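Written out below as structure tokens is the structure these notes cover.
For clarity, every value in this text was computed on a predicted model and none was experimentally measured. Every heavy atom of this structure was used, including side-chain atoms; hydrogens, water molecules and symmetry mates were not.
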Amino acid sequence: MVLYCSAKMKKYVLNIAPSARVGRFGEELNPEQLAAVTCAGGPMLVLAGAGTGKTRTLTYRVAWLVENGIRPYNILLLTFTNKASKEMMRRAVSLIGADVTSLWGGTFHHIGNLILKQHARVLGYKEGFSILDRTDTKDLFDSCRSNIASANKDSKLLPKASIIADTHSYARNTSRAASAVITERLPALEPIAPMLLDVINLYERRKRELNLVDFDDILQNLVVLLRDHEDVREYYSRRFQHVLVDEYQDTNSLQAEIVFLLSSYHRNIMAVGDDAQSIFSFRGANFENILNFQKTYPDARIFKLTTNYRSTPQVLNAANFAIAANSRQFRKDLVAVRGGGELPALVPLEDVREQALFVASKIKDAIDEGASMSGIAVLYRSHYQSMEVQMELTRLGIPYDVRSGMKFFEQAHVKDILSYLRIISNPYDEISWKRLLKMHPGIGNATAEKIWRFLLEAPGESPLDKARAALRIVPKKSIEHFTTFAACLEELRKISSPSEAITSALRGNYEKYLFLSYTEAETRLRDLVQLSEYAANYTSTDTFLSEMAIQGAEQPMATLDSAADEHIVLSSIHQAKGLEWKTVFVVGLNDGQFPSIKSGKNWDEEEERRLFYVALTRACDELYLCYAYTSYTGLIRPSRFIKDIPRGLLEEIEIV
């Protein structure tokens, strides 16, 4: 992050006397919160540990500022959702009974748009520029991709527009060159990097020509506007006497620079966040922003909120030891307000199927004893780790809500790979044939119907016998792909094991399609590897497909004696951040899975440990840490993170 500082930025103004009245704030806040809320001014970093009242502190800060003479018009509240800022403003109004509608609150994009609309011409835009939403952005990238593809003989190697769009967006939010991001995140596409850059450059030119901006332009343009136009920067930094930022650990380099520039005159900035919960680097969040806050603001005061109102002492003891192993952090130990509680349970299980059986049976027992389903969550590092739990909950008729993605059998890539097996099992499965045919370039509904008619009506025993012969009627641009597809089908016909069949389909045809079609191809590939491992429990492809069809079709309904909206939550830990449940199961705690060990120099074990810490601190009362000790490949190790917690702080449960 590059920061720009004029002479006027070096001195901050204290707008509130240190002796300003505390009043009832002292009765409603704990000493840690009160110190942060009533700080006179200047740069402040509030390190708010999990469950310590971060939102309460921000809300009371707004109320305290207004009660002590700061006009709402002179306050800026930056959050990561507009809903969050509205809720904080609503609470502030209820505290002080004052009108705060003139306060600017919302996301960086919302505030950026308000400012840019007033100064569009300064940046070379016409009045009334339009903002592209995610769908519009993809459509424009689609158009640019088609233009570049038409002029390149290697166009068949180009990935879908959504992949190029996401790569470009990540590069901009991390202030990096797109070429470097391609090398790091899409190494398989590095040979065609010049063509990808041509698509990106054309996209940027087209936006300018059409007077359009996308979400990333809002942040980039705001930085340019504030950095390069001193009169604009001075106007807004003078107006915003106090700048409050929520979830500062999740800011990217552009957002941190925006905060710096908007607070540059008065330098009254309150950044609230938790370095121990910085887990979104894959979205471009920059951990250095919060870690190096005092380097950016040498006179900053640090406030630590460590009084936890959520969890039992036993849960917090485990969490404190779990995060202590990180070297790069602001050290703080959470202290429970609550008393009593059970030790977190450490549960070694034979394999992922036994893990699912254990979790589902414990949940069923809890429900039978009167526990609310909405107070129970199953958390995991990656979506694929929920597959067996979904199956077992379905079998027991326990309703659940998947927060990490679609339910397993509703996902496109799972349907795709099962279609390979289905047409081997039943060569007359028209739906599966057409699904796979339409994955080839140049084959849409009409052409798929034409090919299917040929497969059905041409001489031969079954459609599978005529796959290679269909090459004569496939579009020219599909010939190479279809040849590989036909060879893959021939190989699959020799395989009886459903697990081996999935692996063969991936190797023969589908893995390449994944990486050309989806931004999160590695995640989807891991789903299918997990499905292959699960399929190893079956010797018959027909039996496996039948079981999968039944599992996918069954949607458990709430029981008659439970509320209609009651369900278990299944969630990735990333999606669970900020939430809490009475009982939490963390599954898949095996090295290689959690931490998820990825190749490359940018893999960060400390961020993986922070993710583990977030998982532990979601639990209020009961916490189960589950791992398998075998897989289809043999023995596997428990997560190294478990070893960071002293055994006396965990109760090991032996499954008989």
Examine distances only and state if a side-chain atom of [X] and a backbone atom of [Y] form a donor-acceptor pair shorter than 3.5 Å.
X	Y	answer
H383	T523	no
Q249	D274	yes
N268	G42	yes
N317	P313	yes
N326	E606	yes
D644	A325	no
S311	A619	yes
S572	Q575	yes
S169	A165	no
N289	A256	no

Just wondering, do [Y] and [X] contact through their side chains at under 4.5 Å, heavy atoms?
X	Y	result
D246	F80	no
F108	V259	yes
M88	T55	yes
L305	V46	yes

Check: When you look at I115 and L222, which way does the side chain to side chain contact (heavy atoms under 4.5 Å, CB included) test go after all the steps?
Finding: CA-CA 8 Å; I115 294 174; L222 183 56; 3.9 Å; yes
Item checked: Carboxylate-amine/guanidinium contact K362 E622, below 4.0 Å -> no
Can [X] and [Y] be counted as having a side-chain donor-acceptor contact under 3.5 angstrom?
X	Y	result
T307	T52	no
N252	N286	no
Y60	E28	yes
T79	E247	no
Y297	N292	no

Checklist line | By side-chain contact (heavy atoms from CB on, under 4.5 Å) - contacts of R185 (at least two apart) | finding: Y170, V181
Next item on the list: Would you check, one step at a time, whether the test salt bridge (Lys or Arg N to Asp or Glu O under 4.0 Å) holds for E87 with R91?
Entry: CA-CA 6 Å; E87 177 61 18; R91 292 188 191 181; 3.0 Å; yes
Next item on the list: State whether the number of non-hydrogen atoms from other residues, nucleotides or ligands found under 6.0 Å of R526 atom CZ is greater than 12.
Entry: yes
Checklist line | Heavy-atom neighbours of F321 CZ exceed 12 at 6.0 Å | finding: no
Next item on the list: Output all residues satisfying ring-ring contact (aromatic ring centres under 6.0 Å, His included) with F585, sequence neighbours left out; order by chain, then residue number.
Entry: Y624
Next item on the list: I would like to know whether R172 and D217 meet salt bridge (Lys or Arg N to Asp or Glu O under 4.0 Å); could you show each step before the answer?
Entry: CA-CA 9 Å; R172 298 173 76 191; D217 285 322; 2.3 Å; yes
Next item on the list: Would you check, one step at a time, whether the test salt bridge (Lys or Arg N to Asp or Glu O under 4.0 Å) holds for E580 with R618?
Entry: CA-CA 5 Å; E580 62 182 58; R618 299 312 94 199; over 6 Å; no
Centroid-centroid distance, [X] to [Y], less than 6.0 Å:
X	Y	result
H567	Y400	no
W104	F240	yes
F293	Y248	yes

Over-ring placement of [X] relative to [Y], 6.0 Å and 45° cut-offs:
X	Y	value
R328	F287	no
R381	F612	no
R609	F641	no

Looking at residues at least two apart in the chain, or sitting in another chain, which of them share a side-chain hydrogen bond (donor to acceptor under 3.5 Å, both in side chains) with [X]?
X	result
D333	R331
Q255	none
D621	R338
D275	K332

